[in-house]
K.L.:
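Just dropping this structure here.
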Amino acid sequence: MENERYQVVGKPVERTDGRVKATGKARYAADLVAPGMLYGKILRSPYAHAKILNIDTEKAKRLPGVMAVITGKDFPGIPFGTRPDTRDQLPMPITKVHHFGEGVAAVAAIDEEIAEEALDLISVEYEELPVVLTAEDALKPDAPLVNEFSKSNIAYTSDFVFGDPEAGFKEADYIREERFSSQRVAVGFIEPHACLAEVDASGRILLQGSKQSPYPTWRHMCRALDIPLSKMRLVTPFVGGAFSGKHDPFDVDFAAVKLAQITGRPVKIVLNYDEVLAAYRQRNAMDATLKMGVKRDGRITALKAECILEGGPIAGIGPFNIYFFGAWLNLPYKVPAIEYHGKLVYSNRAPCGTVRGQEIVLAQYAVDSLLAIIAEDLGIDQVEIRAINAVTSNWKTANGIVVDVSGLPECIERAAEIIGWKESRKSRPKGRGIGFSCASHPSGVRLGGHFGSSVLLKLQEDGKVIITHGGTEIGQGCNTIFCQMAAEILGIPFEDVIQGPSDSDTAILDSGMFSDRCTYWDGNATIAAANDLKRQLADIASKKLKANPDELLFKDSKIYVKDNPERAIAFIDAVRTAYYELGTPLYGRGYWAATDIDLLNWKTGRGNLAHGTDFIATAIEMEVDEETGVVRLLKGVSGDDAGQPIHPVMLEGQVNGGSAHMTGHALLEESLYDDKGRMLNYSWRDYKQPTALDTPEYIVEHIHTHDPYGPFGAKGAGEASSCSTLAAIANGIYDAVGVRIKDLPITPEKILAEIKKKKEGK
Amino acid sequence: MTNLVPLNITVNGIEYRLYIEPNITLVDLLREKLGLTGTKKSCNEGECGACTVLMEGRPVASCMVLAIDADNKKIITIEGLAEGEKLHPLQEAFIKYGGIQCGFCTPGMILSAKALLDENPDPTPYEVRRAISGNLCRCTGYQQIVDSVLKAADMIKGNQV
């Protein structure tokens with residue numbers, strides 16, 4: 001019904017990048033070439049923690065074909081970081097290495113073989129330091145310090161109390177406390193990190209890299225290179241997946257730029273995937289204890305949570321992670337009172353960013369597992385306990401988040417119906433189970449004053465619009481949906497809006513592709529830009545039609561007077577008038593920031609920090625082999641409230657993808673380290689991501705709502721689905737064979753051990 | 001310097017006579033020497049499937065094949081599937097039914113699917129999943145890729161009627 005209102009929005013148009021990707025013509029960073037291009041390689045540390053006593057690059061420099069060799073000392077030594085109070089990393093290390101595989105030197109040569117050979121000629125003198133491997137290690141009173149810019153191994157904390165938890169626990173009829181943990185996992189995009197850096201005759205840098213959030217990359221790089229922002233331009237080619245693993249600048253980017261500056265020639269660095277798995281972004285390891293109080297009917301009265309995230313040697317975006325874990329315990333269930341204590345600690349494992357769904361994934365795993373345990377204890381139906389607690393529209397959470405619209409009750413109902421929950425309670429084959437979990441995710445948060453999105457539309461004299469936005473096409477389809485939105489507002493065909501380059505010289509203000517913010521924030525900026533153009537065209541048309549500009553409608557490539565479609569001019573005629581009669585080019589400028597919501601108060605944790613909370617209820621049916629412990633996922637169903645679907649097929653793909661991604665986290669994936677902090681499984685032979693045989697058949701049911709602030713009523717998508725999968729699997733395994741695994745990943749070994757314990761009567 | 005060796009190879013119907021380093025892999029030959037960058041390279045150890053091409057109609061991880069082992073062989077890469085502007089039904093279906101997101105696994109995925117449909121024009125969903133199980137995708141969760149391959153199979157059958 002809603003869809004009838006729109007011509008382009010809500011329709012499965014052909015994605016703008018479909019053809020180039022299907023034919024192999026899409027260019028990714030590794031495909032780029034430039035005249036005179038050199039090839040860069042990075043030398044990596046064999047130690048997880050060691051002083052760098054000396055790096056001798058002389059022999060390498062003398063190798064014919066080598067054009068430059070750099071180390072951390074070639075950079076100005078200015079630390080950068082996500083927040084002003086967490087500037088704790090350097091482009092490349094100077095005094096010590098912090099994790100296995102950290103880059104310590106880089107080479108540019110005329111071909112890859114020579115560059116490789118040159119790495120062997122660099123000699124680094126290290127002095128090994130004791131390794132901080134776990135959160136426990138990090139918090140020991142005599143623990144060695146991991147990060148040279150911090151006087152403590154605690155990188156960030158987040159503590160808050162909302163409502164009256166003490167009263168809430170008193171009021172409770174039943175209280176249960178459990179401890180949950182989650183492992184280190186890789187991000188798992190398929191395209192390894194890669195970039196091409198060039199420096200022009202004026203010294204201005206052009207960096208084309210596989211970056212998902214060019215704005216923070218640009219700002220952090222300029223800071224650490226000690227150059228003004230105007231000295232650097234970022235153009236982003238197609239990105240082969242990101243999932244929060246490509247936000248910040250890496251040694252790859254810094255080294256390519258520095259080598260290009262020194263040699264005066266373009267430098268390309270493309271990593272091999274083993275380097276990515278060993279030394280780049282992973283998800284924090286989690287150790288959390290949750291205590292929940294409920295009434296006899298299952299209604300939550302209070303929640304207390306403590307969480308420690310072990311995050312590697314830098315804070316990175318960890319401050320957000322540790323805050324988010326606590327903040328999002330306030331959703332998707334009605335929690336009247338909450339106490340939270342979170343710590344992010346440094347360690348000598350690979351640096352963490354986050355992974356799809358951020359640490360809401362982990363919070364939701366813990367909450368929904370605990371809720372399932374409590375339901376079991378009290379004999380309450382799993383669907384029922386979720387329905388009782390589900391957040392409804394016009395709800396304000398204890399920490400101040402205002403939920404305008406919640407489709408969660410319907411998501412739960414539909415997911416239960418489609419998976420056949422009620423029937424399964426009557427009978428089901430041995431070893432079969434269904435697990436439930438719900439989740440919520442913000443449509444972009446306002447974590448800083450400069451969080452915003454910008455879009456520029458250039459309406460050309462042929463009536464076609466070129467769109468440049470600050471978002472990045474990382475596969476989620478943003479290039480397509482912004483074209484849809486602009487076409488809808490201007491009343492022109494989808495094909496008449498053309499995606500321009502992702503270029504910092506035109507549009508860039510955009511805090512990045514995370515937190516499900518792209519559709520929502522950049523979408524609203526697109527609408528603003530299209531309305532800006534529309535105003536200019538309406539001015540022109542109103543004179544021709546002798547009508548009030550406010551009365552004009554834009555539809556079917558025409559501009560006409562409302563209620564009188566006969567009084568019309570063609571869209572193209574208004575455009576031509578601007579260019580050929582008035583000499584006016586047509587640009588639409590749009591920007592959007594949710595300035596009406598709170599800028600998060602990091603000290604108190606209070607704030608209405610996001611509009612457009614999206615909701616999901618996931619049910620997964622599985623079979624657990626009691627002899628082998630092997631879990632086979634049979635069918636997944638998600639009822640998903642992403643507001644108004646802008647592109648239903650792509651939206652479905654986002655939900656599918658988010659869920660499948662976390663099936664790996666739940667069952668298969670773990671980045672393993674030895675006691676010296678050396679990673680053990682940095683190849684896809686040993687690090688197992690889900691294949692098509694590991695993921696279930698998946699059904700997505702859109703629960704169509706209308707968000708009052710979202711573009712066309714849309715909310716974010718793609719990350720909520722990753723937040724509801726871990727607990728759905730853990731709960732399903734319990735449903736199937738009656739064992740509860742609280743430390744991820746849930747391997748066959750753990751299941752068998754628990755089954756054995758259960759058989760032996762604990 | 002290494003001695004160059006002669007190679008006679010047909011890629012996407014075009015015959016090449018080249019002199020190559022004996023240790024160059026097929027993926028590097030395609031990407032670096034022939035400029036066919038549609039074939040993607042990621043793990044370089046035959047695990048991810050991004051570099052899948054068809055050699056004599058069979059899917060191979062081109063990072064695991066020495067170019068000299070492709071001597072006198074016919075190779076099909078993603079660039080060789082469309083006929084001019086007319087896309088192969090697999091390409092059309094992947095675009096239409098959500099089989100493509102970031103696109104990095106797409107070339108390899110489509111070629112694995114082509115090898116399947118060439119041999120088995122009417123696969124079950126499980127057979128599709130098995131055929132693409134050597135191709136990692138992190139974006140889609142595979143469901144829409146499976147849907148796309150099944151739709152392409154329908155389209156191909158329709159065309160043959």
Side-chain angles (χ1 to χ4, degrees), chain A residues 12 14-15 17-28 30-31 187-192 238-243 270 272-274 276 473-477 636 649-650 652-661 663-664 683-685 689-700 721, chain B residues 21 28 31-32 35-50 77-82 87-88 90-110 125-126 128-146:
Chain A
E14 182 178 314
R15 58 183 296 157
D17 54 356
R19 240 153 236 272
V20 291
K21 286 177 175 174
T23 52
K25 288 177 188 155
R27 283 194 190 163
Y28 299 80
D31 303 333
V187 184
F189 42 75
I190 312 301
E191 179 207 22
F238 281 114
V239 175
F243 314 109
V270 181
N272 201 51
Y273 212 85
D274 55 354
V276 179
E473 176 58 70
I474 50 177
Q476 84 283 47
V649 175
M650 293 200 306
E652 193 176 320
Q654 285 302 302
V655 180
N656 278 333
S659 184
H661 190 149
T663 63
S683 109
W684 270 326
R685 254 195 311 267
Q689 292 187 198
T691 70
L693 290 174
D694 300 311
T695 55
E697 173 201 358
Y698 215 92
I699 298 166
V700 178
S721 60
Chain B
E21 296 92 344
D28 285 342
R31 287 180 56 84
E32 310 293 332
L36 297 169
T37 53
T39 302
K40 296 300 170 210
K41 188 172 161 181
S42 177
C43 71
N44 220 15
E45 58 179 14
E47 288 291 327
C48 72
T77 72
I78 192 66
E79 289 92 342
L81 248 56
L87 298 184
H88 187 277
L90 274 163
Q91 292 170 311
E92 274 187 46
F94 268 66
I95 296 169
K96 192 166 177 191
Y97 299 104
I100 298 173
Q101 288 190 30
C102 85
F104 204 79
C105 76
T106 305
M109 199 65 88
I110 287 180
Y126 176 75
V128 174
R129 284 180 181 269
R130 201 176 49 192
I132 60 166
S133 64
N135 297 77
L136 288 180
C137 165
R138 195 63 147 179
C139 295
T140 63
Y142 302 104
Q143 181 62 54
Q144 288 184 322
I145 291 178
V146 174

K.L.:
For the interface with chain A, which of H88(B), E32(B), Q91(B), E47(B) has the highest count of heavy-atom pairs at distances below 4.5 Å?
P.N.:
E47(B)
K.L.:
Can you tell me which of A30(A), G241(A), A242(A), G657(A) forms the most heavy-atom pairs within a distance under 4.5 Å of chain B?
P.N.:
G657(A)
K.L.:
Distance-only, no hydrogens or angles: does the R138(B) side chain make a donor-acceptor pair with backbone N or O of F243(A) under 3.5 Å?
P.N.:
no
K.L.:
What part of E92(B) gets closer than 4.5 Å to chain A, counting heavy atoms only: side chain, backbone, both or neither?
P.N.:
neither
K.L.:
Give, as side chain, backbone, both or neither, the part of L136(B) having an atom under 4.5 angstrom from any heavy atom of chain A.
P.N.:
both
K.L.:
Can you check side chain to side chain contact (heavy atoms under 4.5 Å, CB included) on Q101(B) and R15(A), steps first, answer last?
P.N.:
CA-CA 9 Å; Q101(B) 288 190 30; R15(A) 58 183 296 157; 4.1 Å; yes
K.L.:
Given heavy-atom pairs under 4.5 angstrom as the criterion, report whether the side chain, backbone, both or neither of I190(A) touches chain B.
P.N.:
both
K.L.:
Does any backbone or side-chain atom of K40(B) lie under 4.5 Å from a heavy atom of chain A? Answer side chain, backbone, both or neither.
P.N.:
side chain
K.L.:
Under 4.5 Å, counting heavy-atom pairs only, tell me which of R685(A), M650(A), Q476(A) racks up the most with chain B.
P.N.:
R685(A)
K.L.:
What's the spacing between H661(A) NE2 and C137(B) SG if we round to 0.5 Å?
P.N.:
11.0 Å
K.L.:
Using non-hydrogen atoms only, which part of D31(A) is less than 4.5 Å away from chain B: side chain, backbone, both, or neither?
P.N.:
both
K.L.:
Where on V187(A) is there a heavy atom nearer than 4.5 Å to chain B: the side chain, the backbone, both, or neither?
P.N.:
backbone
K.L.:
Give, for atom OG1 of T691(A) and atom CZ of R129(B), the distance between the pair rounded to the nearest 0.5 Å.
P.N.:
9.0 Å
K.L.:
When heavy-atom pairs shorter than 4.5 Å are enumerated against chain B, which of A660(A), G24(A), A22(A), G18(A) gives the highest number?
P.N.:
A22(A)
K.L.:
Measuring heavy-atom distances to chain B, does S659(A) have an atom under 4.5 Å in its side chain, in its backbone, in both, or in neither?
P.N.:
neither
K.L.:
Name the region of I100(B), side chain, backbone, both or neither, that has any atom closer than 4.5 Å to a heavy atom of chain A.
P.N.:
both
K.L.:
Hey, which of K96(B), E45(B), M109(B), R130(B) has the most heavy atom pairs under 4.5 Å with chain A?
P.N.:
E45(B)
K.L.:
Between the side chain of E191(A) and the main-chain N/O of F104(B), is any donor-acceptor distance below 3.5 Å?
P.N.:
no
K.L.:
Looking at C102(B), G99(B), P107(B), which one has more heavy-atom pairs under 4.5 Å with chain A than the rest?
P.N.:
C102(B)
K.L.:
Okay, side chain of Q144(B), backbone of V649(A): is any donor-acceptor separation there less than 3.5 Å?
P.N.:
yes
K.L.:
Is it the side chain or the backbone of P690(A) that comes within 4.5 Å of chain B heavy atoms, both, or neither?
P.N.:
both
K.L.:
Which distance, rounded to the nearest 0.5 Å, do you find between the OH of Y142(B) and the CG of L693(A)?
P.N.:
9.0 Å
K.L.:
Please find the pair of heavy atoms, one from E14(A) and one from I95(B), that lie closest to each other, and give the distance.
P.N.:
CG-CG2, 3.4 Å
K.L.:
Under a 4.5 Å heavy-atom cut-off, does chain B meet the side chain of F189(A), its backbone, both or neither?
P.N.:
backbone
K.L.:
Which atoms of R19(A) come close to chain B, meaning under 4.5 Å heavy atom to heavy atom: side chain ones, backbone ones, both, or neither?
P.N.:
both
K.L.:
Chain B heavy atoms under 4.5 Å from A26(A): which part of the residue, side chain, backbone, both or neither?
P.N.:
backbone
K.L.:
So which of L90(B), N44(B), I145(B) has the biggest tally of heavy-atom pairs under 4.5 Å with chain A?
P.N.:
N44(B)
K.L.:
Tell me the closest heavy-atom pair linking W684(A) and C43(B), and the distance in Å.
P.N.:
CE3-CB, 3.6 Å
K.L.:
Below 4.5 Å, heavy-atom pairs only: which of G477(A), S683(A), P12(A) has the largest tally toward chain B?
P.N.:
S683(A)
K.L.:
Between T663(A) and chain B, with a heavy-atom cut-off of 4.5 Å, which part of the residue counts as in contact: side chain, backbone, both or neither?
P.N.:
neither
K.L.:
Please look at D17(A) and chain B and tell me whether the side chain, the backbone, both or neither of the residue comes under 4.5 angstrom of a heavy atom of that chain.
P.N.:
side chain
K.L.:
So do T140(B) and N656(A) actually touch side chain to side chain, heavy atoms under 4.5 Å?
P.N.:
no
K.L.:
Looking at S42(B) and P192(A), what are the two nearest heavy atoms and their distance?
P.N.:
OG-CD, 3.6 Å
